[in-house]
Novice: 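The following block contains the structure, expressed as structure tokens.
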Amino acid sequence: MTLIVGVVSQKGGVGKSTLARMIACEYAAGEWDVKIIDMDLSQGTSTAWNSRRMQNEIAPALAVEQFLNVKDALKKQDSYDLLVFDGAPHSTRRTLEIAQAADILILPTGVSLDDLEPTIKLAHELRKNKIPINKINIALSRIGNSSVELEEAKEYIASTGYHVLTGILLEKTAIRRAQDEGKAATETSFKSVNQKSDVLIQAIVDRIETIKS
Ligand SMILES: Nc1ncnc2c1ncn2[C@@H]1O[C@H](COP(=O)(O)OP(=O)(O)O)[C@@H](O)[C@H]1O
Ligand SMILES: [Mg+2]
């Protein structure tokens, strides 16, 4: 059976594509056949990123394909072990379609209320549409160097009852530069950055294992 992971947010720029690529690379490194479904048709950034990855001959290789809707994306994908949906912003219907198809959802969010409140709103919306709560996982993304801000954000999410993943994605130039070369946030030139990103990816892998079993 193909595992389906959805990375979704109603907002742009929160790190959906960055996270989708990390997840894809992690599993591909473990010899899984992985495809990213790039749902952000207006930007197609993961498709362009994978072209850079191929041009720079970065292993492991991945497949990326753009789709307008989830139903078409799910056709003839049985040969893949993992599909990672890289969601588009501002599309409630598509987000819900991804949520229904996915085994697990990752909702990246920054720590400001401007980011947190829409994230929780989306989580509530998903719940209202009968998405089980354990599918919904919040990932702290693009985190600066204030531990107070981070702790407050974690407390805020915890107070809503949604699961916040262990680990964070730091806001780092190295991550942007890596992605410019077709690499993931776990494949930067800086070991310390990769190690931080690895904690988050491990939490995602563990969560997937829990949900599957
Ligand atoms: N952790 C990070 N550190 C630095 N830059 C980041 C980080 N995460 C994302 N970015 C950059 O921010 C922009 C938006 O990120 P992206 O993952 O494309 O978000 P989304 O898919 O939600 O729109 C991109 O230019 C990306 O390189
Ligand atoms: Mg994107």
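Every number for a ligand or one of its atoms is a count from 1 in the order of the listing.
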Novice: Provide, to 0.1 Å, the distance between atom 12 (O) of ligand 1 and the closest protein heavy atom, together with that atom's residue and name.
Specialist: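 Going atom by atom, the protein heavy atom closest to atom 12 (O) of ligand 1 ends up being Arg142 NH1, 2.9 Å.
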Novice: Minimum heavy-atom separation for Ile36 and Ala20, please, with both atom names.
Specialist: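 It is CD1-O, 4.2 Å.
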Novice: So is Ser9 in contact with ligand 1, going by heavy-atom distances below 4.0 Å?
Specialist: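 No, Ser9 has no heavy atom closer than 4.0 Å to ligand 1.
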Novice: Is there a nitrogen or oxygen of Gly12 sitting under 3.5 Å from a nitrogen or oxygen of ligand 1?
Specialist: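 Not met; the criterion fails.
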Novice: For Gln10 and Thr92, which I'm curious about, is there any donor-acceptor pair between the side chains at under 3.5 Å?
Specialist: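 Looking only at side-chain atoms, Thr92 and Gln10 do form a donor-acceptor pair, the distance falling under 3.5 Å.
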Novice: Is there a donor-acceptor pair under 3.5 Å between the side chain of Arg127 and the backbone N or O of Leu122?
Specialist: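 Absent.
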Novice: Taking N or O atoms only and a 3.5 Å limit, does Arg176 qualify as a polar contact for ligand 1?
Specialist: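 Arg176 vs ligand 1: N/O contact under 3.5 Å present.
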Novice: Hey, is the main chain of Glu57 close enough, under 3.5 Å, to the side chain of Arg53 for a donor-acceptor pair?
Specialist: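 No, Arg53 side chain to Glu57 backbone: no donor-acceptor pair under 3.5 Å.
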Novice: Do any N/O atoms on Leu170 end up under 3.5 angstrom from N/O atoms on ligand 1?
Specialist: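 By distance alone, the answer is yes.
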Novice: Could you point out which residue of Val84, Ile201, Ile204 forms a side chain to side chain contact (heavy atoms under 4.5 Å, CB included) with Glu26?
Specialist: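 For Glu26, the side chain to side chain contact (heavy atoms under 4.5 Å, CB included) test succeeds with only one of Val84, Ile201, Ile204, which is Ile201.
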Novice: Atom 23 (O) of ligand 1: which protein heavy atom is closest, and how many Å away?
Specialist: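 Ranking protein heavy atoms by distance from atom 23 (O) of ligand 1, first comes Gly13 N, 2.7 Å.
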Novice: I'd like to know: is the Mg ion (ligand 2) within the 2.8 Å range of an N/O/S atom from Gln43, strictly under that distance?
Specialist: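 Checking the Mg ion (ligand 2) against Gln43, no N, O or S atom falls under 2.8 Å.
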Novice: Taking Ala185's backbone N and O only, do any of them form a donor-acceptor pair with Thr188's side chain (distance below 3.5 Å, no angle check)?
Specialist: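 Not a single qualifying donor-acceptor pair exists.
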Novice: Could you find the nearest protein heavy atom to atom 9 (C) of ligand 1 and give me its residue, atom name and distance?
Specialist: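 For this ligand atom, the closest protein heavy atom is Thr18 OG1, 3.3 Å.
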Novice: Using modelled atom types only, decide if a donor and an acceptor are shared between the side chain of Asn50 and the backbone of Leu62 within a distance under 3.5 Å.
Specialist: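 Checked: pair present.
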Novice: For ligand 1 and Thr173, I'd like to know whether there is a polar contact (N/O to N/O, distance under 3.5 Å).
Specialist: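 Between Thr173 and ligand 1 (N or O atoms, distance only) the closest approach is not under 3.5 Å.
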Novice: Polar-atom distance check: Ser17 versus ligand 1, any N or O pair below 3.5 Å?
Specialist: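 Yes, Ser17 has an N/O under 3.5 Å of an N/O on ligand 1.
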Novice: Verify, without hydrogens or angle tests, whether Arg21 (side chain) and Lys183 (backbone) share a donor-acceptor contact under 3.5 angstrom.
Specialist: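 Looks like no, no N/O pair under 3.5 Å.
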Novice: Which protein heavy atom lies closest to atom 19 (O) of ligand 1, and at what distance to 0.1 Å?
Specialist: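 It is Gly15 N, 3.1 Å.
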Novice: Check if Leu169 has a non-hydrogen atom at a distance under 4.0 Å from any atom of ligand 1.
Specialist: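 Flag set, Leu169 near ligand 1.
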Novice: Looking only at protein heavy atoms, which one is nearest to atom 26 (C) of ligand 1, and what is the separation?
Specialist: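 Result: Gln179 NE2, 3.9 Å.
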Novice: Looking at atom 4 (C) of ligand 1, what's its closest protein heavy atom, distance included?
Specialist: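 Of every protein heavy atom, Lys172 O, 3.0 Å lies nearest to atom 4 (C) of ligand 1.
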Novice: Given Leu83, which of Val70, Asp103, Ile37 fulfils the side chain to side chain contact (heavy atoms under 4.5 Å, CB included) condition?
Specialist: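 Considering Val70, Asp103, Ile37, a side chain to side chain contact (heavy atoms under 4.5 Å, CB included) with Leu83 is found only for Ile37.
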